[in-house]
> 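Have a look at this one.
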Amino acid sequence: MSALLTCDVVVVGAGMVGAACALYSARAGLRVVLVDRGAVAGGTTGAGEGNLLVSDKEPGPELELALLSGRLWGELAGEPGIAAAVEYDLKGGLVVASSAEGLVALEGLADGQRAVGVEAVAVGAGQLHDIEPKLAKGLAGGVLYPQDAQVMPTLAAAHVVRLARAAGASLRTGCAVTEVLRTGAGAVRGVRTSEGEIHAPAVVNAAGTWGGELAALAGTSLPVLPRRGFVLVTEPLPPRTVRHKVYAADYVADVASDSAALQTSPVVEGTAAGPVLIGASRERVGFDRSFSLPVARALAAGATRLFPFLEGVRAMRGYLGFRPYMPDHLPAIGPDARVPGLFHACGHEGAGIGLATGTGHLIAQVLTGKTSDPDLDLDLDLSPFRPDRFPEEGL
């Protein structure tokens, strides 16, 4: 085992959220050690699509966090070389409705989003093909969200980790946390890992789908569950064949659903490299990594309903991942009142890539004792994200 390390904060989990926590904490002047039992982006991040969305969020604390995160992603993308390195694409999202009733509901959601700062542009049926020429005919209309963006998630996590290291953070991969060390009074004093002990007065749980396991190592609980999702990847197509992230209005309802059963709703988007990504499915089946042909067929059928030209395009592969699901669909962000020195930054479900920057910024604020950031002109109330908001008997 290596010699004992001493620092200000240990961040557990080198996915996108953990990378962002390490970056903003290091830039705030803290000595940071980022640890992961696997590789950078080896979990949920590596199985994501890289979406940075406001369009799929109802007014409330998650949307506020998404707006903050979007601004921070824009700032990161403005740093030399970062936008190209992470394939940052402010391409916008288009949500479409197939019926008049669905369009009314979609426009009602957009009205609420506009009231809190979201750009949402109503699109009539006759305008849809100006925005997406290959879209199916006969749709009732939609809403365009210019603030929606995309990154390549594994590249994004890797480059944010690189920026964190440039700011002084240390990285330990292949380093499994086996215990959260605590004082006699119960406060955190570091972690024990497969490579030795790391002493610190603060530990950030950014373990994603395994956040509940890390909480248990600290003697507390967090009701994080895996929610499986599949993505199909097509053969490379010419650039901007699909110009935006395009999805059906019922996708928003699926995201907010509490059901453990399989749900699919069509989501289609192009990538900088050419392939089109096709989703989205959701189901709670534990950590079952079995490939499901019925799910793949459902995704393909939904995609061709939105974009009929895809019937003639080959799907080259499919992959799956596990979103860190929380019962109220809000992540746990901030200090755990039950264990002094333990902080959580997990449970973002399918929005972790997009919400990572805001989460990392807020964690750094809490760790350094700041309550606001006048440069961002946005004070975000962390109380809805309180890690101890769930009753113990319900876990």
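The model shown is predicted, which means the values in this text are computed figures rather than measured ones. The figures that follow rest on heavy atoms only: side chains count, while hydrogens, waters and symmetry mates do not.
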> Please work out whether the ring planes of H361 and Y24 are parallel, tilted or perpendicular, with thresholds of 30° and 60°.
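Ring orientation of H361 relative to Y24: perpendicular.
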> So which atom in L342 and which in A218 form the shortest heavy-atom distance, rounded to 0.1 Å?
CD2-CB, 3.7 Å
> Going through the distances and angles, do R389 and D328 end up as a salt bridge (Lys or Arg N to Asp or Glu O under 4.0 Å)?
CA-CA 10 Å; R389 65 188 185 269; D328 61 359; 2.7 Å; yes
> Could you report the tightest heavy-atom contact between A26 and V32, atom names first, then the distance?
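The answer is N-CG2, 3.7 Å.
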> Tell me, please, whether F322 has R227 positioned over its six-membered ring: NZ or CZ under 6.0 Å from the ring centre and within 45 degrees of its axis?
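Ring-cation test returns no.
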> Rounded to the nearest 0.5 Å, what separates atom CE in M316 from atom OG1 in T234?
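The OG1 atom of T234 is 9.0 Å from CE of M316, to the nearest 0.5 Å.
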> Check T45 against A157 and note the closest heavy-atom contact, atom names and distance.
CG2-CB, 4.1 Å
> Let me confirm one number: the CD-CG distance from E283 to D288, rounded to the nearest 0.5 Å.
8.0 Å
> Provide the closest heavy-atom pair for P387 versus G334 in the form atom of the first, atom of the second, distance.
CG-O, 3.6 Å
> Please determine if R282 and E349 form a salt bridge, counting it only when a charged side-chain N lies under 4.0 Å from a carboxylate O.
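Judged by the 4.0 Å cut-off on N to carboxylate O distance, R282 and E349 do form a salt bridge.
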> Taking all non-hydrogen atoms of both residues into account, name the closest pair between G186 and P340 and its distance.
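For G186 and P340, the tightest heavy-atom pair comes out as O-CD, 4.1 Å.
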> Establish, for the pair K134 and F307, whether the NZ or CZ atom is under 6.0 angstrom from the six-membered ring centre and no further than 45 degrees off its axis.
no
